[in-house]
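Some notes on the structure that comes next.
Hydrogens, waters and symmetry mates are skipped; everything else that's a heavy atom, side chains included, is used.
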Amino acid sequence: MLHELHIRDMLLIDRLDLEFGAGLNVLTGETGAGKSILLDCLGFVLGWRGRAELVRQGAAQGEVIAVFDLPGAHPARAILTEAGIEPEDDLILRRVNTAEGRKSAWINDRRASGEVLRALSQTLVELHGQHDDRGLLNPRGHRLLLDAFAGIDPAPLRALWSARREAGAALAAAEQRLEKARADEDFLRHAVAELDDFGPEPGEEAQLDTARRAMQAAERIRGDVARALDGLTQGAEAAMLDASRWLEGASDSAEGRLDGPIDALSRALTELGEATSGIEDALAEMDFEPARLEQTEERLFALRALARKHDVLADDLAGLAGTLRERLGEIDAGAGDLERLRGEIAAANAAYDAEAASLSQQRQKAAARLDQAMAAELAPLKMERAVFTTALSEAEPGPEGRDAVAFTVATNPGAPAGALDKIASGGELSRFLLALKVCLARGNEAVTMIFDEIDRGVGGATADAVGRRLARLAEGAQVLVVTHSPQVAALGARHFLVAKDVTDGQTFSRVAALGDQARIDEIARMLSGEEVTDAARGAARALRGAAGG
């Protein structure tokens with residue numbers, strides 16, 4: 001609810017502070033007094049696009065502050081949270097416009113963009129009038145309005161639409177994968193067969209390389225090792241044995257002097273035996289068939305070539321075979337997966353179609369109820385000959401269903417129906433919009449509804465009917481109406497008078513909240529014109545009395 005409006009140096013207003021309340025707030029005044037200026041200023045602080053030049057002539061800048069009460073469940077709180085602004089019970093919007101045209105905005109003393117202001121305005125204010133292209137006259141919102149009237153929640157259908165799209169995306173992705181896999185099928189089968197035939201093992205490259213280098217080294221040194229063995233076995237050992245026998249034969253007469261050399265020779269013979277045995281073992285290991293080296297080299301070179309071919313490390317070839325085999329498995333199983341996914345799509349489509357058909361039936365019934373409700377509302381507004389129709393037609397399927405909804409009207413029997421703003425005249429259009437708003441009103445507590453001269457062109461009983469419908473909308477909510485109708489003004493819970501005055505050669509618009517007697521005088525002026533008579537005051541009191549004021 002709009003609680004306060006403060007305006008500084010905007011258009012014809014130098015300083016204005018207003019407090020509004022719940023219920024029906026009426027603004028009256030002579031033509032040209034500046035009633036539309038209030039709406040321009042409110043639209044400015046809400047981020048709406050309007051007049052280019054708003055700053056009062058001679059002022060450096062203009063400023064508008066609007067204070068809204070924000071109940072705990074108000075949808076504006078979610079927008080504030082998303083914008084990084086902590087919601088509070090009071091929402092204070094402030095916007096400044098310099099004489100050079102620069103605009104700045106604050107929300108609860110935090111800088112904010114016009115985009116955030118406009119998003120908030122959608123939850124705070126509804127403006128209805130003869131040029132109401134933001135609300136009821138916009139055909140793109142008619143389906144949403146009909147659903148609200150009927151209490152229809154399209155959320156289950158939106159979920160089915162999402163499931164339908166997800167199933168379609170899954171099938172498309174599976175078909176793409178299968179198509180790509182089939183394009184590589186010949187290569188895959190050849191590669192798997194080649195790898196299976198070769199049988200690479202992890203670590204095999206290192207083993208083959210070690211064995212190859214060992215055999216290559218053995219070829220180079222085997223001759224020298226064999227000659228060393230010959231030298232030991234054919235010369236050194238025999239000489240040492242002979243020397244040992246000779247020394248042992250002479251040791252008895254040497255009185256122990258040969259014991260040390262004999263022991264040393266014994267140890268040397270033992271070491272010589274170990275050396276000979278080790279050399280023999282080494283020669284045995286170096287003994288290989290030349291074909292074995294050739295086979296090892298061929299296997300190693302083939303392994304490395306295969307790794308280069310598949311652009312992997314040799315140790316990864318064994319794992320690559322498994323990966324390629326899995327891709328072949330996807331091809332073999334792909335047809336079955338596609339059939340399963342197609343079945344899921346068929347089920348998703350069937351569920352969506354059933355829910356969409358049910359929703360269409362609900363909308364058809366709701367459209368008939370809305371048409372009946374509109375007929376009941378139009379008669380007191382002196383439009384009993386007009387025919388309002390909620391037209392449903394088939395549209396492209398979407399998350400909200402397959403229905404296009406348009407509000408149409410024929411102003412006279414037999415006349416062709418058309419869009420509200422194309423068929424109805426200015427006064428008729430205002431009454432159509434009011435009747436439609438009355439019929440569609442649901443949960444108005446969160447939104448301030450503004451009606452700009454919606455009673456233009458009507459009077460008497462019709463004006464009274466307009467006022468009573470505005471008052472009905474204001475029950476438990478807040479309605480602001482700019483009016484020239486005394487019948488409407490008499491029904492207001494609060495009454496504000498907009499007037500012009502000239503001070504020091506400058507023209508200003510003033511707005512004043514009227515007390516009881518001032519209200520009687522203003523309603524009397526609206527009834528009788530410039531000269532207010534006692535009879536007009538009496539009629540004004542009668543109107544107030546009939547309105548319960």
Side-chain angles (χ1 to χ4, degrees), residues 1-20 25 27 29 32-70 74 76 79-80 83 85 90-135 138 446-454 478-482 496 498-500 506-512:
M1 181 178 72
L2 177 62
H3 184 57
E4 300 174 21
L5 185 65
H6 305 276
I7 303 172
R8 301 289 184 271
D9 293 320
M10 297 287 282
L11 296 169
L12 297 181
I13 297 174
D14 57 346
R15 183 183 184 89
L16 180 62
D17 299 289
L18 292 176
E19 291 188 8
F20 299 96
N25 298 260
L27 290 90
K35 297 184 293 299
S36 63
I37 292 176
L38 290 178
L39 300 185
D40 288 335
C41 291
L42 181 59
F44 170 73
V45 78
L46 291 170
W48 297 351
R49 293 178 175 86
R51 296 189 188 184
E53 297 179 359
L54 289 169
V55 180
R56 186 172 65 85
Q57 187 174 2
Q61 68 176 33
E63 177 186 74
V64 181
I65 298 173
V67 181
F68 289 85
D69 293 333
L70 218 58
H74 199 287
I79 297 173
L80 292 171
I85 300 173
D90 286 337
L91 173 63
I92 303 174
L93 308 181
R94 173 173 172 254
R95 200 175 188 207
V96 172
N97 192 12
T98 67
E100 293 78 21
R102 293 190 301 272
K103 298 177 178 63
S104 303
W106 292 263
I107 299 175
N108 291 353
D109 292 329
R110 290 277 303 276
R111 287 295 293 264
S113 66
E115 181 181 358
V116 175
L117 288 178
R118 286 187 287 275
L120 283 172
S121 77
Q122 299 295 322
T123 68
L124 296 170
V125 173
E126 287 182 1
L127 175 62
H128 303 287
Q130 295 184 47
H131 305 289
D132 180 22
D133 57 354
R134 297 177 66 251
N138 185 354
V447 179
T448 295
M449 289 173 282
I450 301 175
F451 292 87
D452 183 15
E453 298 188 6
I454 201 164
Q478 184 185 51
V479 173
L480 273 63
V481 57
V482 176
F496 299 88
V498 184
K500 281 183 181 179
Q506 286 188 299
T507 301
F508 297 95
S509 284
R510 309 293 187 192
V511 182

| query | Can you tell me if K35 uses its side chain to pair, donor with acceptor, with the backbone of L27 under 3.5 Å? | reply | no
| Judged by atom type as modelled, is there a donor-acceptor pair below 3.5 Å linking the side chain of N108 to the main-chain atoms of I92? | yes
| Residue that, paired with V511, satisfies side chain to side chain contact (heavy atoms under 4.5 Å, CB included) out of L18, L5, I13 | L18
| field | For A60 against V55, the heavy-atom pair lying closest together | value | C-CG1, 4.5 Å
| L93 side chain near L124 side chain, heavy-atom distance below 4.5 Å | yes
| said: Rounded to the nearest 0.5 Å, what separates atom CD1 in I79 from atom CD in E115? | reply: 11.0 Å
| note | Taking every heavy atom of V45 against every heavy atom of A66, the minimum-distance pair comes out as CG1-CB, 3.8 Å
| said: Restricting to ring-ring contact (aromatic ring centres under 6.0 Å, His included), what partner residues turn up for F20, sequence neighbours left out? | reply: F496
| message | If I compare all heavy atoms of T98 with all of Q61, which pair ends up nearest, and what's the gap? | response | CA-CB, 3.9 Å
| query | Pairs in or reaching into residues 5-15: which pass side chain to side chain donor-acceptor pair (under 3.5 Å), with residues at least two apart or in two chains? | reply | E4-H6, H6-D17, R8-D17, D9-R56, D14-R510
| task | With the side chain counted from C-beta on, respond yes when D69 and D90 share a heavy-atom pair under 4.5 Å apart, and no when they do not. | result | yes
| If we only count heavy atoms from C-beta on, is the L42 to W48 side-chain gap below 4.5 Å? | no
| task | Taking Q478 for its side chain and L2 for its backbone only, find out whether a donor-acceptor pair lies under 3.5 Å. | result | yes
| said: I need the L16 CG to L38 CG distance, nearest 0.5 Å. | reply: 6.5 Å
| query | At what distance, to the nearest 0.5 angstrom, does CZ of R94 lie from CD1 of I65? | reply | 6.0 Å
| Closest non-hydrogen atom pair, A59 against A99 | O-CB, 3.7 Å
| request: Any chance you could measure M1, atom CE, to F68, atom CZ, to the nearest 0.5 Å? | output: 10.5 Å
| message | Evaluate V481 against N25 for side-chain contact (heavy atoms from CB on, under 4.5 Å), listing each step before the verdict. | response | CA-CA 6 Å; V481 57; N25 298 260; over 6 Å; no
| query | Residues two or more places apart in sequence or in another chain: which of them pass side-chain contact (heavy atoms from CB on, under 4.5 Å) with A112? | reply | I107
| Given L80 and L91, is the side-chain contact (heavy atoms from CB on, under 4.5 Å) satisfied, shown in steps? | CA-CA 10 Å; L80 292 171; L91 173 63; 4.0 Å; yes
| note | Interatomic distance, OG1@T123 vs CG@L70, rounded to 0.5 Å, equals 7.5 Å
| task | Decide yes or no on side-chain contact (heavy atoms from CB on, under 4.5 Å) for I7 and I37, but give the supporting numbers first. | result | CA-CA 10 Å; I7 303 172; I37 292 176; 6.0 Å; no
| message | Please check this pair: side chain of R95 against backbone of V64, looking for a donor-acceptor N/O pair closer than 3.5 Å. | response | no
| note | When every non-hydrogen atom of S509 is compared with those of K500, the smallest separation belongs to OG-CG, 4.0 Å
| message | F44 vs L11, test: side-chain contact (heavy atoms from CB on, under 4.5 Å). Steps then yes/no. | response | CA-CA 12 Å; F44 170 73; L11 296 169; over 6 Å; no
| said: Just checking E100: does its CD atom have more than 12 heavy atoms from other residues, nucleotides or ligands closer to it than 6.0 angstrom? | reply: yes
